[in-house]
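Just so we're on the same page: letters track the sequence lines, and every chain starts at 1.
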Amino acid sequence: MQTPDISYFSLFVCSLLLIIPFAVSIVLKLGLVRDGLISVLRMAAQLVLIGVFLKYLFQLNNPFVNIGWLLAMVTVATFNVIQKVKVNMRIFFAPILFSLIVATFCTVMYFNIFVIRLSDITDARFLVVIGGMLLGNSLRGDIIGIDNFYKALQRNEQRRLYALASGATLFESLVPYFRESLIAALQPTIATMATMGIVFLPGMMTGQILGGVSPILAIKYQIAIMVAIFTATTIAINMAILLTIRTCFNAYGVLKEQIFR
Amino acid sequence: MQENRCYVSVQLDFTILQHILNHSIHMPVIRFENVSVKFNDEYLLHNLNFTINDGDKVLIFGESGIGKTTVFRLLLGFEQPVAGTIFVGEKELDAYTAWDLRRNIAYVSQDLDIGSGTVQHIIHTVLSFRANRSVAFNTEKIKGHLRFFRMKETILHEPYEKLSGGEKQRIAITIALLLERQIFFLDEVTSSLDEELKNKVIQYFTQNNSWTVLSIAHDRDWRNAAGVKVIPLPQQHADT
């Protein structure tokens, strides 16, 4: 099966669909026209750039360049987490960066070596693309988990100090919040897996099927990638919290005020 | 007690006899030496001095908003003084000794937000801390405390957050007693109790000779209880 091309004129025709959301925004005064337009243009520009970049990345397929590119993606993701959660850059940058590196690289390497059994385990098509999917989901997990953890700590500081005063170690005082934030961070992935195939067809699978891959193979990839995503997210959020705990509390076990921006 | 325009220094006024007794039999448990705390550039506590000996029943007394709770926050290491030193036994209170102290005292906070879930779950959680492992979850003992403080046994299965202020207070006291500690920090623990219960709690804490009790309260019942020494906290900026 050949995938039909989309001409530039067709893309223009597609963009006419935007009239509907923009009209709704204007009529209901949602104020989303400007943001929506900027986002569409940003998406287009970024995808064009990444398309060109990926083309050369795949052609070159140099292990160091591939790993370097994934590292660059992890760095951008780290800034993104810190920006979204509104926490102190100096305290959070290194732990989050490290958590995302470990989560992404370990999982993608396991995937490439033991699942796909690639001869070239740093092959750009797998390292960068699969790694990127794992990273994107780990990033989302980190944002939800870290936000949930530190906001809950701030809200329940009295309760936690009571635990400390009752003899709890720092970690014992944090366990309930740690647990809750892990659940919050992993819940979306669990919900996605539970409804997958019925409620929606995942993007990667749709893309593969449109690209001419047999649905059975596309499904196998999808199952494998979801399991990898679940694992990577779990590693990322656990590490991010365990590593930030070391720097976010003073020697008396009290939450430092300067962790929030 | 000495007073001048800029600050007030507080010292416990012991009779000589008491002084000798305290030094020969009872060891100092807690000592504040010229401790000062600032809040928004103003002194909340200034050059506070007092000593609490083993077995003392001490009441920190004063109007609200003058730093009574801060004394506990200092002792528990939740806040650090801008000047002065706090001694716990022979040792200076620091980031190491504060953790030790927390394992050796029982604290009932004024803020009764101590956990969520059923009462039993909260008790379980506190007893599950490694420092409290030596204390078993003894249902009979818990029920004994509940009966003593005029609560039903079924309260164990009720959600803590649904309880009244007085019930929460008594549950927090029960947990403090379950920990089998010898030193108690009690922050306004009788504020929501009726007269009869209040006196029952005061008697319970003040009549056990081996316990050292440090209580914060603004009502007079504590003050009038037998054997209670009072540390009055002065208003810092009343005359400046």
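- A search for ring pair (Phe, Tyr, Trp, His ring centres under 6.0 Å) contacts involving A:Tyr162 returns nothing, not counting sequence neighbours.
- Looking at B:Leu101, there are no atoms closer than 4.5 Å to chain A (heavy atoms on both sides), in backbone or side chain.
- Atom NZ of A:Lys84 sits in a sparse spot, with 12 or fewer heavy atoms from other residues, nucleotides or ligands closer than 6.0 Å.
- Considering all non-hydrogen atoms of both residues, A:Gln158 and B:Asp111 come closest at CG-OD2, 3.2 Å.
- Scanning residues 71-96 of chain B against chain A with a 4.5 Å non-hydrogen threshold yields B:Arg73, B:Leu76, B:Gly77, B:Phe78, B:Gln80, B:Leu93, B:Asp94, B:Ala95, sorted by number.
- Within a 6.0 Å radius of CD in A:Gln46, other residues, nucleotides and ligands contribute more than 12 heavy atoms.
- Contact annotation for residues 149-161 of chain B against chain A (heavy-atom separation below 4.5 Å, listed by residue number): B:Glu161.
- Residues of residues 112-139 of chain B lying under 4.5 angstrom from chain A, judged on non-hydrogen atoms, are B:Asp113, B:Ile114, B:Gly115, B:Ser116, B:Val126, B:Ser128, B:Phe129, B:Arg130, B:Ala131, B:Asn132 in numerical order.
- Around CZ of A:Phe98, the count of heavy atoms belonging to other residues, nucleotides or ligands within 6.0 Å does not exceed 12.
- Counting non-hydrogen atoms of neighbouring residues, nucleotides and ligands closer than 6.0 angstrom, the CZ atom of A:Arg90 reaches no more than 12 such neighbours.
- Ranking A:Leu161, A:Val254, A:Thr169 against chain B, the residue ahead of the rest is A:Leu161, based on heavy-atom pairs under 4.5 Å.
- The structure places OG of A:Ser173 at 9.0 Å from CZ of B:Arg102, a figure rounded to the nearest 0.5 Å.
- Contacts of B:Ala106 with chain A are absent, with no heavy-atom separation under 4.5 Å from either backbone or side chain.
- Summarising the geometry, atom CG belonging to A:Leu164 is positioned 5.0 Å from atom CH2 belonging to B:Trp99; distances are rounded to the nearest 0.5 Å.
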